[in-house]
Amino acid sequence: MAYWLIKSEPSSWSWSDQVKKKITHWDGVRNFQARNYLKQMKLGDLCFFYHSVVGKQIMGVVKVASSFKDDPTDSTGKFGMVDMEYVSPLENPVTLEQIKKTAQLQDLSLIKQSRLSVMPVTNAQWDCIIAMSK
DNA sequence: GCCAACGTTGGC
DNA sequence: GCCAACGTTGGC
């Protein structure tokens with residue numbers, strides 16, 4: 001099983017929206033690198049849900065609830081989406097500031113490629129962030 | 001609200 | 001196929 005981190009601006013789709021709705025289409029990705037990662041996702045893979053711009057912190061965990069499929073909001077047919085299902089909140093959100101200060105997390109794409117909206121997370125990085133949330 | 005970073009588009 | 005122009009993202 002793989003781990004990922006997905007970003008959303010709370011003004012368009014927030015963690016509390018996700019908690020309420022439980023399961024949602026993760027559509028609107030218009031970046032090839034992000035799309036390629038979406039494509040690699042497997043059913044049951046876990047993802048951190050990160051609030052960009054407002055909050056700048058990891059709020060909780062969701063899981064991949066469908067494999068890669070057509071994005072109905074994309075008329076070009078180049079992009080796609082998966083479904084994301086609510087799993088659990090973090091006990092305490094982990095902020096971008098904390099992540100930047102943590103030596104083991106310096107390779108996280110969140111830091112190196114701030115514009116990428118879907119990125120892989122290693123087992124070690126996952127465990128580290130979970131530990132920080134306790 | 002600004003601006004740096006960077007991905008995408010389109011003209012050549 | 002290159003690269004300048006442009007648009008968008010997201011941290012500050």
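The chains referred to below are lettered A, B, ... by the order of the sequence lines, with proteins before strands, and numbering in each begins at 1.
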Whole-Å gap separating C1' (dG11(C)) and NZ (Lys112(A)) = 18 Å
Rounded to whole angstrom units, what separation is found between the CG atom of Leu116(A) and the P atom of dG7(B)?
-> 8 Å
In whole angstroms, how far is the P atom of dG7(C) from the CG atom of Asn31(A)?
-> 18 Å
Any side-chain N or O of Lys7(A) under 4.0 Å from OP1/OP2 of dG10(C)?
-> yes
His25(A) side, atom NE2; Ser66(A) side, atom OG - distance, nearest 0.5 Å = 8.0 Å
Do Gln113(A) and Gln33(A) have a side chain donor and acceptor closer than 3.5 Å?
-> yes
Shortest side-chain distance from Arg115(A), nucleotide among dG11(C), dT8(B), dT9(C) | dT9(C)
Is there a donor and acceptor pair, one atom on the side chain of Arg30(A) and one on the base of dT8(B), closer than 3.5 Å?
-> no
Could you state the CG-P distance from Leu110(A) to dG10(C), rounded to the nearest angstrom?
-> 10 Å
Out of dG10(C), dG7(B), dG11(C), minimum distance to the side chain of Gln113(A) belongs to dG7(B)
Looking just at side-chain N and O atoms, do Arg35(A) and Ser117(A) make a donor-acceptor pair shorter than 3.5 Å?
-> no
Of the candidates dC12(C), dG10(C), dT9(B), the side chain of Lys78(A) sits closest to dT9(B)
Grab the CD1-P distance between Ile58(A) and dG10(C) for me, whole Å please.
-> 14 Å
Tyr50(A) vs dG11(C): side-chain N/O to OP1/OP2 distance below 4.0 Å = yes
Side-chain N or O of Lys100(A) less than 4.0 angstrom from OP1 or OP2 on dC12(C)?
-> yes
Side-chain donor-acceptor contact under 3.5 Å, Gln125(A) with Thr122(A) | yes
Using distance alone, with no hydrogens and no angle criterion, decide if Trp26(A) and Asp83(A) have a side-chain donor and acceptor under 3.5 Å apart.
-> no
dG7(B) C1' sits how many Å from Asn36(A) CG, rounded?
-> 13 Å
Starting at atom CD of Gln57(A), determine the distance to atom C1' of dG11(C), rounded to an integer number of angstrom.
-> 15 Å
Let me know the distance between NZ of Lys56(A) and C1' of dT9(C), rounded to the nearest Å.
-> 13 Å
